[in-house]
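Everything below concerns the one structure shown next.
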2 protein chains.
Amino acid sequence: MKAQALHGHLDALLLAVLEQGALHGYAIIEALRARSDGSLDLPTGTIYPALRRLERAGHVASTWSTVSGRERRTYQLTDSGRRALAGERAGWREFQLTVGRFLDPGSPPTPA
Amino acid sequence: MKAQALHGHLDALLLAVLEQGALHGYAIIEALRARSDGSLDLPTGTIYPALRRLERAGHVASTWSTVSGRERRTYQLTDSGRRALAGERAGWREFQLTVGRFLDPGSPPTPA
DNA sequence: CTTCATACGTAGCTACGCTACTTGTCGAAC
DNA sequence: GTTCGACAAGTAGCGTAGCTACGTATGAAG
């Protein structure tokens with residue numbers, strides 16, 4: 001799918017992925033790809049800065065570790081992040097309904 | 001709703017509104033507000049440039065007219081615009097499904 | 001005669017995802 | 001023993017596109 005359409009919803013996706021458990025950046029990319037059947041294949045230049053944003057905002061916390069010689073920064077959801085995710089879910093629902101009213105088939109196009 | 005979340009979907013909304021009949025810019029703003037129950041209240045600085053974009057792309061065509069002393073630029077969908085709208089609808093559907101898989105309740109969060 | 005709704009428009013800002021790049025380890029292939 | 005691809009992190013700079021804040025002008029209402 002057109003990737004840039006994500007605008008404004010990426011944070012929500014990241015929080016949602018981390019909701020199921022802490023992951024490091026590279027694993028997050030793979031999780032997004034897997035759970036979307038390949039539709040979401042985001043470059044590192046997209047998700048790493050996004051994760052830093054979320055950390056600055058206090059929605060995730062990170063810890064470094066070394067696994068078989070490779071450095072990993074593992075991110076986990078904070079309480080603030082969980083609240084933010086709830087808000088994002090509500091926002092998504094409203095967005096979906098609003099846009100769907102125009103783009104979903106069978107929407108009210110001057111109903112008969 | 002958070003307005004900037006529209007990023008990438010505004011063109012689709014405009015085409016969808018014009019699908020029901022030609023309208024001038026100001027009327028498009030009101031149509032969006034009405035059909036969304038006030039959720040979409042877009043400033044002129046958003047929709048006028050967007051309409052110019054769509055016209056440059058050949059998806060709409062405009063004609064000037066004067067109604068009770070006021071200049072109006074009325075936009076109507078072209079064939080190209082109708083095709084574009086169909087594409088946007090398909091894109092929206094995919095986007096909705098993909099993001100929904102992460103944000104809709106009851107999505108597969110490592111299903112039991 | 002001032003204010004508000006109608007109607008058009010642009011300049012400049014900002015947010016944010018993307019492209020392209022760099023650095024480094026490890027295992028497998030050759 | 002070197003090269004190549006998967007793993008793992010990161011930044012600089014770009015482009016897109018919606019938003020803020022203006023500016024202009026008419027007609028109706030008070």
Side-chain angles (χ1 to χ4, degrees), chain A residues 1-15 17 22-34 36 39-57 59-60 62-75 88 91 95 98-99, chain B residues 1-15 22-34 36 39-57 59-60 62-75 84 88 91 95 98-99:
Chain A
M1 53 171 259
K2 287 217 313 252
Q4 66 272 36
L6 252 86
H7 238 288
H9 303 284
L10 176 61
D11 289 7
L13 291 183
L14 293 175
L15 295 174
V17 168
L23 288 175
H24 62 282
Y26 194 87
I28 290 174
I29 294 177
E30 292 183 319
L32 286 167
R33 187 168 40 223
S36 68
S39 301
L40 289 172
D41 198 358
L42 304 182
T44 66
T46 291
I47 79 105
Y48 287 128
L51 287 169
R52 316 292 242 103
R53 260 208 319 275
L54 289 174
E55 185 164 32
R56 265 204 313 278
H59 295 332
V60 300
S62 68
T63 49
W64 284 97
S65 60
T66 304
V67 175
S68 64
R70 291 198 192 88
E71 297 285 301
R72 278 185 181 173
R73 171 121 87 161
T74 300
Y75 292 90
E88 296 279 7
F95 175 76
T98 302
V99 177
Chain B
M1 53 172 257
K2 285 217 313 251
Q4 66 270 36
L6 266 134
H7 238 287
H9 303 283
L10 176 60
D11 289 6
L13 292 182
L14 293 175
L15 295 174
L23 288 176
H24 62 281
Y26 195 86
I28 291 175
I29 295 177
E30 291 182 321
L32 286 167
R33 188 169 41 223
S36 69
S39 300
L40 289 174
D41 197 357
L42 304 182
T44 66
T46 290
I47 79 106
Y48 288 128
L51 288 169
R52 314 292 243 102
R53 261 206 321 272
L54 289 174
E55 186 165 33
R56 265 203 313 278
H59 296 331
V60 302
S62 69
T63 47
W64 283 98
S65 59
T66 305
V67 176
S68 64
R70 290 200 192 86
E71 297 285 300
R72 279 184 181 173
R73 170 122 87 163
T74 300
Y75 293 90
E88 296 277 7
F95 176 75
T98 302
V99 177

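This one's a predicted model, so the numbers in the text were calculated from it and none came from an experiment. The figures here come from the full heavy-atom set of this structure, side chains too, leaving out hydrogens, waters and symmetry mates. The chains referred to below are lettered A, B, ... by the order of the sequence lines, with proteins before strands, and numbering in each begins at 1.
Regarding Leu32(B), its CG atom lies at a distance of 11 Å from the P atom of dC19(D), rounded to whole Å. Here dT10(C) presents its P atom at 13 Å from CZ of Arg53(B), a figure rounded to the nearest Å. Atom CG of Leu14(A) is separated from atom C1' of dC16(C) by 13 Å (rounded to the nearest Å). Leu40(B) places its CG atom 12 Å from the P atom of dG18(D), with the value rounded to the nearest Å. Rounded to whole angstrom, the span from the CD1 atom of Ile28(A) across to the P atom of dA8(D) amounts to 12 Å. With rounding to whole Å, Phe95(B) atom CZ is found 11 Å from dG17(C) atom P. Between Leu42(B) atom CG and dT20(D) atom P the separation is 10 Å, expressed in whole Å. Rounded to whole Å, atom P of dG18(D) lies 16 Å from atom CG of Asp41(B).
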Which atom pairs, one a donor and one an acceptor, fall under 3.5 Å between side chains of residues 67-75 of chain B and the rest of the protein, sequence neighbours left out?
{"from": "Glu71(B)", "atom 1": "OE2", "to": "Thr66(B)", "atom 2": "OG1", "distance (Å)": "2.8"}
{"from": "Arg73(B)", "atom 1": "NE", "to": "Tyr75(B)", "atom 2": "OH", "distance (Å)": "3.3"}
{"from": "Arg73(B)", "atom 1": "NH1", "to": "Ser62(B)", "atom 2": "OG", "distance (Å)": "3.4"}

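Partners of Arg53(A) by side chain to side chain donor-acceptor pair (under 3.5 Å), not counting sequence neighbours, listed by chain and number: Asp11(A). Applying the ring-ring contact (aromatic ring centres under 6.0 Å, His included) criterion to His24(B), with sequence neighbours excluded, gives no partner residue. In this structure, the side chain to side chain contact (heavy atoms under 4.5 Å, CB included) partners of Leu10(B), at least two apart in sequence or on a different chain, are Leu14(B), Leu42(B), Thr46(B), Ala50(B). In this view, Ala57(B) and His59(B) satisfy the side chain to side chain contact (heavy atoms under 4.5 Å, CB included) rule, not counting sequence neighbours.
Below 30°, between 30° and 60°, or above 60°: for Phe95(B) and Phe95(A) the angle between ring planes is above 60°, a perpendicular geometry.
Rounded to the nearest 0.5 angstrom, Leu32(A) CG and Thr98(B) OG1 are separated by 11.0 Å.
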Below 3.5 Å between N/O atoms, which protein atoms pair up with nucleotides 3-7 of chain C? Just atom names and distances, please.
{"from": "dT6(C)", "atom 1": "OP2", "to": "Tyr26(B)", "atom 2": "OH", "distance (Å)": "2.9"}
{"from": "dT6(C)", "atom 1": "O2", "to": "Arg70(B)", "atom 2": "NE", "distance (Å)": "3.0"}
{"from": "dA7(C)", "atom 1": "OP1", "to": "Arg72(B)", "atom 2": "NE", "distance (Å)": "3.0"}
{"from": "dA7(C)", "atom 1": "OP1", "to": "Arg72(B)", "atom 2": "NH2", "distance (Å)": "2.4"}
{"from": "dA7(C)", "atom 1": "OP2", "to": "His24(B)", "atom 2": "NE2", "distance (Å)": "3.4"}
{"from": "dA7(C)", "atom 1": "O3'", "to": "Glu71(B)", "atom 2": "O", "distance (Å)": "3.4"}

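When the side-chain nitrogen and oxygen atoms of Arg52(B) are compared with OP1 and OP2 of dC8(C), none of them lie within a distance under 4.0 Å.
Listed candidates were dG10(D), dA21(D), dT16(D). Nearest to the side chain of Thr44(B) is dA21(D).
Across all strands shown, Gly69(A) has heavy atoms under 4.0 Å from sugar-phosphate atoms exclusively, and none from any base.
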